[in-house]
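Notes follow once the structure below has been shown.
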Amino acid sequence: QVQLVESGGGLVQAGGSLRLSCAASEVTFSTYAMGWFRQAPGKEREFVAAISRSGGSTYYADSVKGRFSISRDNAKNTVFLQMNSLKPEDTAVYFCAAALSSRIVTTTRSYRYWGQGTQVTVSS
C-alpha cells in the first residue's frame with residue numbers, strides 16, 4: 001500500500017507561482033510512474049502532468065504546457081509540480097497519483113494509488 005501526501009497548495013494571484021510536493025511512503029518509489037491530476041468543482045478529474053520512473057521522461061496536458069513542470073527526487077520519495085504563470089482556470093484540487101507502469105500514463109484508471117489532494121486557488 002502506497003500512501004501519498006500532497007502539500008504546497010494555497011491562494012495565489014493570477015500570474016503567480018506555486019510548487020506542489022507529494023511525498024510517498026513506499027520505499028520502492030522509483031518503481032512507480034507518477035502523475036498529477038486536478039479536479040475543479042462540478043468537473044471531472046483531469047490529467048495535468050506525468051513523469052516516468054527515472055524522471056527522464058515527462059508529459060503535459062496542453063493546457064499547462066510551458067507553464068508547469070513535473071520533477072521527482074527518488075532519493076526522497078517525492079514528486080513535485082512547479083506551477084508558473086497561474087491562471088484562474090487552474091483553480092482546482094490537485095492530486096498526485098502512482099502507477100505501477102514502466103511508461104508514462106495519462107488516464108485516471110491507470111493509477112492505483114492517490115493522495116488526498118491539495119487545494120489551489122488562483123484569484124483574478
**Asked** Under 3.5 Å, is there a donor-acceptor pair between the side chain of Glu6 and the main chain of Gly117?
**Response** yes
**Request:** Specify the closest pair of heavy atoms between Ser124 and Ala14, including all atoms of both residues, with the distance to one decimal.
**Result:** CA-CB, 4.4 Å
**Distance-minimising heavy-atom pair for Ile104 and Ala50** = CG2-CB, 3.6 Å
**Prompt:** According to a 4.5 Å side-chain heavy-atom criterion applied to Ile, Leu, Val, Met, Phe, Trp and Tyr, with indirect links allowed, do Val93 and Tyr113 form part of one hydrophobic cluster?
**Reply:** no
**Message:** Within the supplied structure, the quantity of interest is the number of heavy atoms (other residues, nucleotides, ligands) at a distance under 6.0 Å from Tyr60 OH; does it exceed 12?
**Reply:** yes
**Message:** Side-chain heavy atoms nearer than 4.5 Å, only ILVMFWY residues, links allowed to pass through others: does that put Trp114 and Val48 together?
**Reply:** no
**Request:** Would you tell me whether Ser17 and Asn84 have side-chain atoms, one donor and one acceptor, within less than 3.5 Å of each other?
**Result:** yes
**Item:** Which residues share a side-chain contact (heavy atoms from CB on, under 4.5 Å) with Ser71, sequence neighbours left out
**Value:** Phe80
**Prompt:** Do the side chains of Leu86 and Phe68 get nearer than 4.5 Å, heavy atoms only?
**Reply:** yes
**Prompt:** Is there a donor-acceptor contact under 3.5 Å from the side chain of Thr91 to the main chain of Val122?
**Reply:** yes
**Asked** Looking at CD1 of Ile70 and OG of Ser57, how far apart are the two atoms once the value is rounded to the nearest 0.5 Å?
**Response** 11.5 Å
**Message:** Apply side chain to side chain donor-acceptor pair (under 3.5 Å) to residues Gln119 and Thr121 and explain how you reach the verdict.
**Reply:** CA-CA 6 Å; Gln119 176 70 47; Thr121 303; 3.3 Å; yes
**Asked** After noting the C-alpha distance and the side-chain angles of Thr118 and Phe95, does the key distance pass the side chain to side chain contact (heavy atoms under 4.5 Å, CB included) rule?
**Response** CA-CA 7 Å; Thr118 185; Phe95 300 87; over 6 Å; no
**Complete:** Closest non-hydrogen atoms of Ala99 and Val105, given as atom of the first, atom of the second and distance, are CB-CG2, 3.8 Å
**Message:** Both conditions, 6.0 Å and 45 degrees, for the charged tip of Arg72 above the ring of Phe29: are they met here?
**Reply:** yes
**Message:** Quick check: is Phe47 connected to Leu100 through a chain of hydrophobic side chains (ILVMFWY, heavy atoms under 4.5 Å apart)?
**Reply:** no
**Prompt:** Would you say Lys43 has more than 12 foreign heavy atoms packed within less than 6.0 Å of its NZ?
**Reply:** no
**Message:** Please determine whether side chain to side chain contact (heavy atoms under 4.5 Å, CB included) holds for the pair Glu46 and Arg38, giving the CA-CA distance in whole Å, both sets of side-chain angles, and the decisive distance to 0.1 Å.
**Reply:** CA-CA 5 Å; Glu46 65 173 2; Arg38 67 187 181 187; 2.6 Å; yes
**Item:** Ser30 side, atom OG; Asp73 side, atom CG - distance, nearest 0.5 Å
**Value:** 11.5 Å
**Non-hydrogen side-chain atoms of Val120 and Leu11 separated by less than 4.5 Å** = no
**Asked** Closest approach of Tyr59 and Thr106, non-hydrogen atoms and distance?
**Response** CD2-CG2, 3.7 Å
**Request:** Answer yes when Lys65 and Asp62 have at least one side-chain N-carboxylate O distance shorter than 4.0 Å, and no when they do not.
**Result:** yes
**Aromatic ring proximity, centroids under 6.0 angstrom, Tyr111 and Phe37** = yes
**Asked** Asp90 versus Arg67: any side-chain heavy-atom pair under 4.5 Å?
**Response** yes
**Message:** Within this structure, what is the OG-CG distance for the pair Ser25 and Leu4, rounded to the nearest 0.5 Å?
**Reply:** 7.0 Å
**Message:** I need the minimum non-hydrogen distance between Met83 and Tyr94, along with the two atoms involved.
**Reply:** SD-CE2, 3.9 Å
**Request:** Would you indicate whether the side-chain heavy atoms of Ser102 and Arg53 approach each other to under 4.5 Å?
**Result:** yes
**From CA spacing to verdict: side chain to side chain contact (heavy atoms under 4.5 Å, CB included), Ser123, Gln13** = CA-CA 5 Å; Ser123 63; Gln13 288 188 334; 3.7 Å; yes
**Item:** Step-by-step side chain to side chain contact (heavy atoms under 4.5 Å, CB included) determination, Arg19 to Leu81
**Value:** CA-CA 6 Å; Arg19 189 191 196 205; Leu81 185 67; over 6 Å; no
**Prompt:** Taking all atoms of both residues into account, what is the closest heavy-atom pair of Val79 and Met34, and its distance?
**Reply:** CG1-CE, 3.9 Å
